[in-house]
Trainee: 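Here it is, the structure, as structure tokens.
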There are 2 protein chains.
Amino acid sequence: MTKNKQVTIRQLSKELGVSISTISSVLNNRHEERRISPDTVKRVKEAAREIGYLPNISARMLRSYSSSKYPITIAVLTSFQAPLPLISSVITTLQKVGNEDEYKDINFNVTVDMFEAGELKKLPGLLDGTRFNAALIANTIPTDDEFLSENVISSPVVFIGRDIPHYSSVKTVAHMTGRQAADILYSSGSKDPVILYSKILTQTTIARIEGFREDAERLSGNKPIELVAEGFTEKHGYEAMKNFLDSGGKIDGLYTITDSLAVGSYLAVKKKGLKIPEDITVIGTGDSSVSPYIDPPLSTFTRSQHNLHEEAVRLLFKQIKGTITMPTQVVVPVMPVLRESTRRGSITNFEMGI
Amino acid sequence: MTKNKQVTIRQLSKELGVSISTISSVLNNRHEERRISPDTVKRVKEAAREIGYLPNISARMLRSYSSSKYPITIAVLTSFQAPLPLISSVITTLQKVGNEDEYKDINFNVTVDMFEAGELKKLPGLLDGTRFNAALIANTIPTDDEFLSENVISSPVVFIGRDIPHYSSVKTVAHMTGRQAADILYSSGSKDPVILYSKILTQTTIARIEGFREDAERLSGNKPIELVAEGFTEKHGYEAMKNFLDSGGKIDGLYTITDSLAVGSYLAVKKKGLKIPEDITVIGTGDSSVSPYIDPPLSTFTRSQHNLHEEAVRLLFKQIKGTITMPTQVVVPVMPVLRESTRRGSITNFEMGI
DNA sequence: TTGTACGCGTTATCAA
DNA sequence: TTGATAACGCGTACAA
């Protein structure tokens, strides 16, 4: 029924023996004012449906928007392996910041493309500039970075959470965060700190883990125990912690790479009859909206995502406007948020502003 | 420095006194093979940057892709007031389903446009077909629906969570869900059921509330108490419940329109020294990933989102392929998931499959 | 109803 | 080394 190939208005015209302009009129519901015969209208509409005609959006835009009103295209490129909320967050930020006085003269539309981690190079139009005027790119892995350092994207680009030579980027001081987490657990009296992370790792996650390892070892004298969960969700956190405890694991302090992993761990810990923070102190990452409301409220580090995305978007807009022309690196600070789950030992309310 | 107006390659040409072909060659890094002098290359590149030249993507695509390889454009349109995860979920689903054998001959790209609830009509290209070949539309409000029923979008469109005459849509049986919630609270011994919702309402939320009102009144003999939160987050749930309890409100059963509102309520309830489910039974909506892990695990209704979005995407693809030509309504079922938070009265483990 | 110019950028050809 | 010119991609608008 439907042809795979894109059909053009010209092919329709040939097939029907009707002029191109007639077809265009009919397809744009201008047939009344153009006084096209009902019969022709019917024939054209049916044929278009039958043959699966879809107009070429580029051609329409080219014709319909004067160059002063033509919107530029901003692309959001992210891997399938990215945390799901990223796309929403980036797009919403794009729209919000785009409405600000400073940038509202930039008339843009947003496209989203997803790639398999490591396969960025397969994205059409990445290097030849046929698909976007500017791009935000997130969640590349080393293979992609290698590809990017060998090739040049000539449009403005900002990388999120990753630092790539010759391009702009925004990231957090992930390494520092890991170290702070170790300090906080140690200050709360933990001697056997455990770190729980997902087996899916990004540059940021790796840095956090390394920071934690370093300081945990320096402070407690031995390497921290590392638990690897299958993914990022509460369920994965629960399972990893349950397995660890079931097999007799020893723990008095926990640092998780996301808050959701901590929330899952809570249940496993409680089921063993252990108390937070009396037996185990816990600190997560990301200040998820549930963290202040669970029992006990979870200590964590501020959500860097929001600021991260906002900085990324602003940086991109500035590049588009030409305010910034050199590759620029922005580092977004991350602050600890201390709540009940680490309230033990020498950490008090008073020190919450570390 | 930068001109607001879009600059074309022709204007650049005039300004520099350099031919169009030369400029095009330089801008596409073809200057070596064309043997353009280094000086000209430099001048062109600088001028392009200086003047803020951005190529017209439509023109480039038109030229670069043969009609058989030209991608169609699928738009995701949603209001700023929509729950944030929606965009990510819809886009990911679009990409995943688009990779399936059945649909992988559809070559498409995705654009996202956001509108203020009630201002859908202001979206450029909505009616004239200049921006997309097909669209998924979510989170319209009655004003938008009215606009849509007076005008026609001629491309394939699927509405998510909303039923609009003459268009395809996917939704859940929200009304039934509300009624079931009332039944479950009543069965667990609640006489003073309270419903907590956000002041931002969609068609789905309204239906849930109405369903609940009806059955709660039928079962308990009087109208349920209604609490209105400022938004959807845990914080909003906490505040609404705290205010209610502080002002002496009576409650022995709670139905919330999202799980996050229930999570926030948990803390307010516990702070008052009340116990769940002994004093108050609670049921949420959406089966959020944290719900099984909070204390006590939260009863809720299955997350309909995922299925909802998948159905929407499939429906859209079928319309694009011409497999379906008539407006079609799909209803996605929602099931209760009973956990500790409603385990009181006549509801037992045994009845968990209601 | 139809013919044709047009929107913008790319590319090829030939001339300068 | 650069320019002028034209064709092209697809759909639309306007004059005829």
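Letters A, B, ... mirror the listed sequences (proteins, then strands); counts begin at 1.
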Trainee: Here's a test of your reading of the structure: between Glu33(B) and Leu62(B), which maps to the more 5' nucleotide of DNA chain C?
Mentor: Leu62(B)

Trainee: I want to confirm an ordering. Mapping Ser19(B) and Ser24(A) to their closest nucleotides on DNA chain D, which one lands closer to the 5' end?
Mentor: Ser19(B)

Trainee: Quick check, are the ring centers of Phe132(A) and Phe108(A) under 6.0 angstrom apart?
Mentor: no

Trainee: Taking only side-chain N and O atoms of Tyr53(B), does any of them lie within less than 4.0 angstrom of OP1 or OP2 on dG9(C)?
Mentor: yes

Trainee: Any side-chain N or O of Arg30(B) under 4.0 Å from OP1/OP2 of dT11(C)?
Mentor: yes

Trainee: Hey, does Thr40(B) reach any base, or is it just sugar-phosphate, or nothing, if we go heavy atoms under 4.0 Å?
Mentor: sugar-phosphate

Trainee: Rounded off to whole Å, could you give me the CD1-to-P distance for the Ile57(A) and dG7(C) pair?
Mentor: 21 Å

Trainee: Can you figure out which of dG3(D), dG11(D), dT10(C) approaches the side chain of Ile9(B) most closely?
Mentor: dT10(C)

Trainee: Without decimals, in angstroms, what is the distance between Asn133(B) CG and dC10(D) C1'?
Mentor: 13 Å

Trainee: What's the CG-C1' distance between Asn56(B) and dG9(D), to the nearest Å?
Mentor: 13 Å

Trainee: Specify whether Tyr65(B) and Tyr70(B) have parallel, tilted or perpendicular ring planes, treating 30° as the upper limit for parallel and 60° as the lower limit for perpendicular.
Mentor: perpendicular

Trainee: Within the 4.0 Å heavy-atom criterion, would you say Gly17(B) contacts the bases, only the backbone, or no part of the nucleic acid?
Mentor: sugar-phosphate

Trainee: Decide whether Asn133(A) and Ser155(A) meet the rule of one side-chain donor and one side-chain acceptor closer than 3.5 Å.
Mentor: no

Trainee: Figure out the NZ/P separation between Lys69(A) and dG7(C), and round it to whole Å.
Mentor: 15 Å

Trainee: Answer yes or no: does a side-chain N or O of Ser37(B) lie under 4.0 Å from OP1 or OP2 of dT2(D)?
Mentor: yes

Trainee: Report yes if at least one side-chain N or O of Asn28(A) is closer than 4.0 Å to OP1 or OP2 of dT12(D); otherwise report no.
Mentor: yes

Trainee: Around Glu32(B), counting heavy atoms of other residues, nucleotides and ligands shown, do more than 12 lie under 6.0 Å from its CD?
Mentor: no

Trainee: What integer distance in Å separates Leu27(A):CG from dT12(D):C1'?
Mentor: 12 Å

Trainee: Quick one: label Ile20(A) by what it contacts on the DNA or RNA (base, sugar-phosphate, nothing), any heavy atom closer than 4.0 Å.
Mentor: base

Trainee: On the side chain of Arg63(A), is there an atom forming a donor-acceptor pair with the base of dC10(D) - under 3.5 Å, no angle test?
Mentor: no

Trainee: Are Ser169(A) and Asp163(A) linked by a side-chain donor-acceptor pair shorter than 3.5 Å?
Mentor: yes

Trainee: Does dG7(C) have OP1 or OP2 sitting under 4.0 Å from an N or O in the side chain of Ser58(B)?
Mentor: no

Trainee: Whole angstroms only, please: what is the CG-C1' distance between Asn29(B) and dT10(C)?
Mentor: 14 Å

Trainee: CZ of Arg10(A) versus P of dG11(D): gap in Å, rounded?
Mentor: 7 Å

Trainee: Between the base of dG3(C) and the side chain of Ser21(A), is there a donor and acceptor pair under 3.5 angstrom?
Mentor: yes

Trainee: Starting at atom CG of Asp128(B), determine the distance to atom P of dA13(D), rounded to an integer number of angstrom.
Mentor: 9 Å

Trainee: Is there a side-chain polar atom (N or O) of Ser67(A) under 4.0 Å from OP1 or OP2 of dC8(C)?
Mentor: yes

Trainee: Name the orientation class of the two ring planes belonging to Phe159(B) and Tyr167(B) (parallel below 30°, tilted from 30 to 60°, perpendicular beyond 60°).
Mentor: perpendicular

